[in-house]
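Structure record follows, encoded as structure tokens.
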Amino acid sequence: QVQTVESGGGLVQAGDSLILSCSISGRTASSSAVGWFRQYPGAEREFVASIRGSSGRTRYADFVKGRFTISRDNAKNMVYLQMNSLKLEDTAVYYCAIGFRGDSFSYPTSLASYDYWGQGTQVTVSS
């Protein structure tokens, strides 16, 4: 059974930092594509960042470039999202997803590329 479990969300002030963690079981993160997505109430889920395969190739949405960093701990089978300089508009539920099909590696920004999703963790940024 493949599972992803997010943790680390919370309430922070604008400008603060937060680290989200994604614990993966049932599949090796280093042989998969793992993505972070976020969702506002009433909106579609959107891509934030991804890390793929043994090379650890990363991809970021334009709106987080320079502020967020995705990383992976192969020994712990964990993926992290370091979020710096948080803005009010970063408030959302953040989801960790994993995929291991060809499309997962070729189209890491697409929701359809991922097969398993966590329950999400709420990040709230206040002024």
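This structure is a prediction, so every number in the text was calculated from the model and none was measured.
Between Tyr94 and Phe68, the two ring planes are tilted [angle within 30° to 60°].
Geometric assessment of Arg27 against the ring of Tyr116 yields a negative cation-pi assignment under the 6.0 Å and 45° thresholds.
Tyr107 belongs to no hydrophobic cluster, as no Ile, Leu, Val, Met, Phe, Trp or Tyr side chain comes under 4.5 Å of its own.
For the atom pair CG of Leu81 and OG1 of Thr121, the computed distance is 11.0 Å after rounding to the nearest 0.5 Å. How far OG1 of Thr91 is from CG of Leu11: 8.5 Å, rounded to the nearest 0.5 Å. Residue Gln119 holds its CD atom at 12.0 Å from SG of Cys96, rounded to the nearest 0.5 Å.
At least one side-chain heavy atom of Ser127 sits under 4.5 Å from a side-chain heavy atom of Leu88. Between Ile24 and Gln3 there is no side-chain heavy-atom pair separated by less than 4.5 Å. Side chains of Arg72 and Ser30 form a contact here, defined as non-hydrogen atoms less than 4.5 Å apart. Residues Asn77 and Ser25 form no side-chain contact, since every pair of their non-hydrogen atoms from C-beta on lies 4.5 Å or further apart.
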Below 3.5 Å, can you tabulate the donor-acceptor pairs from side chains in residues 13-21 to any protein atom, sequence neighbours excluded?
| from | atom 1 | to | atom 2 | distance (Å) |
| --- | --- | --- | --- | --- |
| Asp16 | OD2 | Gln13 | N | 3.1 |
| Ser17 | OG | Asn84 | OD1 | 2.9 |

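With hydrogens and angles ignored, the 3.5 Å screen pairs no side-chain donor or acceptor of Tyr114 with any backbone N or O of Thr109.
For the side-chain contact (heavy atoms from CB on, under 4.5 Å) test, residues two or more places apart in sequence or in another chain that qualify with Phe63 are Arg38, Glu46, Ala61.
More than 12 heavy-atom neighbours from other residues, nucleotides or ligands sit within 6.0 angstrom of CZ on Arg101.
Criterion: ILVMFWY side-chain heavy atoms under 4.5 Å apart, direct or through other members. Under it, Phe47 and Trp117 are part of a common hydrophobic cluster.
In terms of heavy-atom proximity, Tyr80 sits nearest to Asp73 at CE1-CB, 3.8 Å. Between Val79 and Trp36, the closest heavy-atom pair is CG1-NE1, 3.7 Å.
Checked against the 6.0 Å centroid criterion, the rings of Tyr95 and Phe37 do not qualify as a close aromatic pair.
Salt bridge status for Lys65 with Asp62: present, with a side-chain N to carboxylate O gap under 4.0 Å.
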